[in-house]
Amino acid sequence: MSQRLLLGALSALVLALFAGSVLIGPAGLGPRDEVPALFGRGDDLIAMVMQEIRLPRAILGVLLGASLGLAGAAIQGFLRNPLAEPGLIGTSASAALGAVLAIQTGLAAAMPLGLPLAALAGALVSVLLILLLAGSRGGALPLILAGIAISALAGAATSLVLNLSPNPFAANEIIFWMMGSLADRSMLHVWMTLPFFALGAGLLLACGRGLDALTLGEDTAASMGLRMGRLRLALVIGVAALVGSATAVAGAVGFVGLVVPHLLRRAVGASPSRLLPASALGGAAVVLAADIAVRMLAPGRDLKLGVLTALVGAPFFLHLIWRTRGDGA
Amino acid sequence: MVGRLFRAGCIALGLWLGGAAHAAPPQRVVSMNLCTDQLAMLLAAPGQLVSVSYLAQDPQASTMVEQARAYPANHGLAEEIYRLRPDLVLAGAYTTRATVAMLQRLGVPVAIFPPEADFDGIRGNLRRMGELLGREAEAEAQIAAFDHGLAALMDTPVQRPTAALYYANSYTSGRDSLAGRIVEAAGLHNIAADAGLSGGGVLALEQLVLANPDLLIRGRRYAGRSRAEEVLDHPAVAALAERAGQTGIADQDWVCGTPRVLGAIARLRDARLGLEQGS
Amino acid sequence: MSLLTLQKLTVARHGRAVLNGIDLTVTGGEFIGLLGPNGAGKTTLLRAALGLLAHGGHSSLAALPAGERARRAAFMAQGRDIAWPLPVERLVALGRTPHGRSPADAPAVERAIAALGLEPLRHRPATELSGGEQARALIARMLAQETPLLVADEPVAGLDPAAQIKVMQVFAGIAGQGRAVLASLHDLGMAARHCTRLILMDGGRIAADGPPEQVLHAGNLARVFGITAWFAATPQGPVFQPLDILTKELP
C-alpha cells in the first residue's frame with residue numbers, strides 16, 4: 001500500500017471514530033438532535049452536552065492517541081527496539097507523578113500550565129534515565145528492566161503523595177493515574193494540551209530522516225551526516241511534551257505506543273520516518289475506539305481506558321518478547 | 001492441636017462474655033466506627049464509653065466533634081482496642097472484618113451495626129444501642145424527639161421541585177439511600193430515579209445536564225485536592241449551578257443515620273422554599 | 001588530490017594508546033587495504049578518521065561539519081546493524097540521506113543496486129536476507145552515497161567467493177574512476193590481488209605502507225602476523241597464499 005493511501009485510510013478511520021465518539025453517550029440522544037447541537041443550534045441543554053462534554057472528550061481522545069502512537073514510534077526508532085513504549089519504559093508513570101505533584105501542591109491551580117508542565121518534567125526525567133540506563137545499544141533486557149524500575153518507583157511515589165493528601169478521594173485516584181480515563185474532561189483540558197501536542201508532534205515528525213538513518217546503527221548514521229546530539233534532544237523533548245501533556249489530562253494509558261507501531265510497521269515498509277505519521281493516526285484511532293468501547297461495555301461504571309488497551313496490548317507484548325527472544329537465540 | 005484447643009476456648013469465652021453483656025450493662029464500651037461513635041455518645045452513661053474512633057473527631061466526617069474530643073480516639077486496630085480492656089466493642093458492618101474476627105477470637109464481645117438506609121433504620125439502631133448499653137429510656141427519648149422534629153419539617157408541597165445530588169466522581173444517591181430519603185423528606189424530587197438509579201451510583205455528567213434539575217446539591221469540598229472533585233467544577237456543572245438553585249450538603253450530615261439528619265432535611269427544605277419564592 | 005589526511009592521529013582508551021600517531025594521506029585513484037591482526041587498531045583508525053571517536057591529532061574529514069563530511073566520505077561499519085525489516089531498495093536509498101532529496105537519488109540507487117547484483121532482492125526485507133546478502137545490501141547503501149572516498153570496515157567478511165571478488169572489483173573500479181577506497185581486510189590474498197596500496201598495522205601503529213609486493217614481504221608477515229606465505233607475480237596477476245604459523249618463543 002502506498003504511504004499516501006495508508007495515511008488517507010487511517011485519516012478516514014480516525015474521522016469515523018471521532019464522529020462515533022461525539023455521537024455516542026449515556027444520554028441516548030439521536031444524531032438528529034446531536035449534530036445541530038454540536039454547532040450550537042437547537043436545544044440549549046443538548047448543545048451544552050455536545051459542546052462542553054462530548055466534543056472535548058473526542059478531541060482529547062485524538063490528542064491522547066496521537067501522542068502515544070507518535071511517541072511510541074519515535075522512541076522505538078531511536079532505541080531501535082520494538083519493545084520501547086512510553087508506558088513500558090516508565091514515561092507515563094513518571095508523567096503521572098509530575099501531574100499528581102502539581103495537583104497536590106497546588107501548582108496546577110496556581111498557574112494554568114502548571115499541570116502539563118509538571119507532567120512534562122516528570123516524563124523528561126524518565127526518558128533521560130532510560131537513555132542513561134538502557135541507551136540505544138543496550139538491547140531489550142536493560143530497557144525493560146530499567147522501565148520496570150522507573151515505573152515501580154514513579155508508581156510508588158504517586159501512591160505515597162496521594163495517600164498523604166488530606167483529601168479522602170485522593171487516595172483512591174491511583175487507579176485513574178495508572179489506567180487513565182477521558183471521562184468528563186472539558187475544553188479547558190483541550191486548550192491546556194494543545195500547545196504541548198503541537199510542540200511535541202512538530203519535533204518528533206521532524207526526526208523522521210534521522211531515525212531512518214539510525215536503522216543502520218549510530219556510526220553509520222553519523223557518517224551519513226546525522227547529528228546524534230540534536231536528534232537525541234529533539235526526541236527527548238518531543239516525547240516528554242507529548243506523553244506529559246496527554247498523561248496530565250487523561251492519566252497513564254499503556255500499550256498504545258507498543259501495539260500501533262507494531263501493527264503498522266509492515267504497512268509502511270518498516271521505515272521509521274513513514275511510521276511516525278501513520279502511528280499518530282493509528283494511535284488516535286485506537287484510543288477513540290477504546291474510549292467508545294468503555295462507554296458501551298460498561299456504561300455508568302467509569303471503566304478505565306487503560307484496562308482495555310492493556311487487555312489487548314499485554315498479549316501483544318508477550319508475543320513480541322517471544323519473537324525478540326527467538327531472534328536473540 | 002494445642003492452637004485449635006486454645007482457639008476453641010477463646011470462642012467459648014467470647015460467647016460466654018457476649019451472653020453476660022446482656023445481663024448487666026457494659027462498663028467499658030469502645031466504639032470503632034464513626035456511626036456507632038455518634039449513637040453511643042448520644043446514649044451512653046457518663047464513664048461508660050471509653051473510646052471512640054478518630055473519625056468522630058474529624059470535623060469533615062462527624063457531627064459531634066466537640067463531644068468526641070472528650071474521649072481518647074482509636075484507629076480501629078485490634079491491638080489498641082484490646083489494650084483498652086473493653087467489655088463491649090461497637091463496630092459497623094463495614095469495619096475491617098479481620099479486626100472484628102481477631103477481637104472475637106480474643107474473647108471480646110463485638111456488636112455489629114448495619115448502616116441506616118432510612119429513618120426506620122435510625123430508630124432501630126437507636127433502640128438497639130439503648131438495649132446494648134442498658135440505656136433504653138434515653139433511646140426512647142431520642143426517638144421521640146427525632147419523630148417530633150421530623151413531623152415538624154414535613155409538609156406536602158403542591159409540586160416537588162427536582163433536585164440532583166452530585167458528588168465527587170459523578171456519584172449520586174437514589175431513593176433507597178439515606179441521602180435519598182432526606183431529599184424526599186425535604187419535599188424534593190430526586191432525579192436519580194429518572195436515570196434508573198435506586199441506590200447509589202454514577203450519574204453521567206451529560207445525564208445531569210439534560211435532567212436540568214431545579215436544585216443542584218453538591219457535596220462539600222474536602223481539604224487538599226483531588227481529581228475526583230474536579231468534575232464538580234466542570235464548565236457544564238458550573239453553567240447548571242448558575243441556572244438552577246444550588247446548595248451544598250456536607251458529608252457528615254448524612255453519612256451516618258443519627259437524629260442529626262434533621263439538620264440536613266431542614267437545610268434542603270429551606271433551599272426548596274427559596275426556590276418556590278424565587279419562581 | 002588528497003581525499004583524507006591524517007596527522008599524528010591518536011586515540012587513547014582507559015589511558016592506553018590504541019592508536020599512536022598515525023600519519024596517512026589518501027589520494028584519488030587508490031584502493032587501500034588496511035591489514036593487521038585482531039586488535040591492531042584498524043577499526044579505531046577508520047572510526048577516528050571519520051570523527052566517530054574522540055581523538056588527538058588531526059583528521060581532515062573529522063574537522064568538517066557533519067553534513068559536508070557525509071558528502072565527502074561514506075562509511076560501512078563492521079557491525080551489520082539493520083534494525084528494521086526495510087526492503088533492500090529502501091535500505092540502499094538511505095545512502096542518499098546526506099544529499100537531501102534530489103533528482104539524482106533514484107539513478108544513484110539504481111547504479112548501486114546493479115553494481116552489487118541486488119536486483120532480484122530489491123523488494124525483500126533486508127532483515128530476512130542471509131548474512132552475505134545483507135553485507136552486499138549495506139555495501140550498495142555505501143555506494144549510493146556516491147562520495148569521493150569510501151571507508152569500509154571488513155566489507156567482504158562473510159561473503160561467498162564470487163561476491164568477495166565482485167566487491168573487490170567494484171572497489172577497484174571506483175578507484176579507477178579517480179575516487180578512493182579505504183577498506184580493512186583480513187583476506188591477504190584478496191588484498192594482494194585487488195588493492196593498489198596496503199597499510200599494515202600493528203599495535204596501534206603503521207608497520208608498513210606501500211604497494212602489495214612491498215608490504216607483504218616475509219619479514220613483515222613474520223613480525224606482524226607470525227605466519228609464512230607464498231607470494232608471486234603470475235600471468236594471472238599477483239597470487240598470495242598464507243602457508244604456516246611460525247612458532248614464537250614465549251617472551
Side-chain angles (χ1 to χ4, degrees), chain A residues 1-3 73-84 135-140 143 207-231 261-262 264-276 278-279 320 323-324 326-328, chain C residues 43-44 46-53 61-62 64-101 123-128 134 137-139 141-142 144-145 147 149-153:
Chain A
M1 201 185 316
S2 87
Q3 173 82 347
I75 205 155
Q76 284 178 20
F78 185 75
L79 296 177
R80 289 181 289 145
N81 189 330
L83 298 180
S136 50
R137 322 166 183 236
L143 180 77
C207 287
R209 271 178 88 90
L211 296 179
D212 278 351
L214 260 188
T215 303
L216 303 180
E218 281 185 40
D219 268 2
T220 308
S223 76
M224 291 193 286
L226 176 71
R227 275 183 268 185
M228 197 62 190
R230 264 170 50 168
L231 179 73
H262 180 72
L264 293 172
R265 184 161 284 123
R266 288 274 159 181
V268 299
S271 150
S273 62
R274 293 177 178 208
L275 190 56
L276 294 175
S279 279
L320 269 176
R323 278 203 8 202
T324 314
D327 289 348
Chain C
T43 297
T44 306
L46 297 182
R47 294 184 66 216
L50 286 162
L52 300 174
L53 266 187
L61 279 176
L64 292 173
E68 179 58 26
R69 183 178 69 219
R71 287 185 287 275
R72 300 267 189 98
F75 176 56
M76 178 184 170
Q78 188 177 8
R80 306 276 160 83
D81 270 344
I82 304 175
W84 307 113
L86 288 179
V88 168
E89 63 178 0
R90 204 170 294 159
L91 184 144
V92 173
L94 287 178
R96 302 303 298 168
T97 305
H99 303 280
R101 279 171 228 278
H123 298 299
R124 294 262 303 276
T127 46
E128 289 170 12
Q134 287 185 352
L138 290 170
I139 293 166
R141 196 286 303 160
M142 174 173 64
Q145 205 166 331
T147 49
L149 175 64
L150 273 63
V151 179
D153 200 354

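Lettering of chains follows the sequences in order, A, B, ..., and the numbering in each one begins at 1.
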Any donor-acceptor pair under 3.5 Å linking the side chain of [X] with the backbone of [Y]?
| X | Y | value |
| --- | --- | --- |
| Arg227(A) | Ala66(C) | no |
| Arg71(C) | Pro98(C) | yes |
| Ser273(A) | Asp212(A) | no |

Discussion item. Against Leu46(C), only a single residue in Leu52(C), Asp153(C), Leu53(C) fulfils side chain to side chain contact (heavy atoms under 4.5 Å, CB included); can you say which?
Written reply: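 Passing option: Asp153(C).
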
Item to complete: Can you spot which of Val268(A), Ile75(A), Leu275(A) makes a side chain to side chain contact (heavy atoms under 4.5 Å, CB included) with Pro261(A)?
Response: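 For Pro261(A), the side chain to side chain contact (heavy atoms under 4.5 Å, CB included) test succeeds with only one of Val268(A), Ile75(A), Leu275(A), which is Leu275(A).
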
Discussion item. Please classify the contact between Arg274(A) and chain C as side chain, backbone, both or neither, with a heavy-atom cut-off of under 4.5 Å.
Written reply: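 The answer is the side chain of Arg274(A).
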
Fill in: Residue part contacting chain C, namely of Pro272(A), when any heavy atom lies under 4.5 Å
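For Pro272(A), side-chain heavy atoms alone lie under 4.5 Å from chain C.
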
Worksheet item: Heavy-atom distance under 4.5 Å to chain A: side chain of Leu138(C), backbone, both or neither?
Response: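 Contact with chain A: side chain only.
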
Worksheet item: Which answer fits Pro125(C), side chain, backbone, both or neither, if we ask what part of it has an atom under 4.5 Å from a heavy atom of chain A?
Response: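 Only the side chain of Pro125(C) comes within 4.5 Å of chain A.
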
Go through [options] and name the one with the most non-hydrogen pairs under 4.5 angstrom from chain A.
| options | answer |
| --- | --- |
| Gln145(C), Arg80(C), Glu68(C), His99(C) | Gln145(C) |
| Ala126(C), Pro87(C), Pro85(C), Ala77(C) | Pro85(C) |
| Thr147(C), Val151(C), Thr97(C), Thr127(C) | Thr97(C) |

Practice prompt. Among Gly77(A), Ala221(A), Gly217(A), Gly269(A), single out the residue with the greatest number of heavy-atom pairs under 4.5 Å to chain C.
Written response: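 Most heavy-atom pairs under 4.5 Å with chain C: Gly269(A).
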
Worksheet item: Does atom CZ of Arg72(C) have more than 12 heavy-atom neighbours, drawn from other residues, nucleotides or ligands, at distances under 6.0 Å?
Response: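 Not more than 12 within 6.0 Å, no.
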
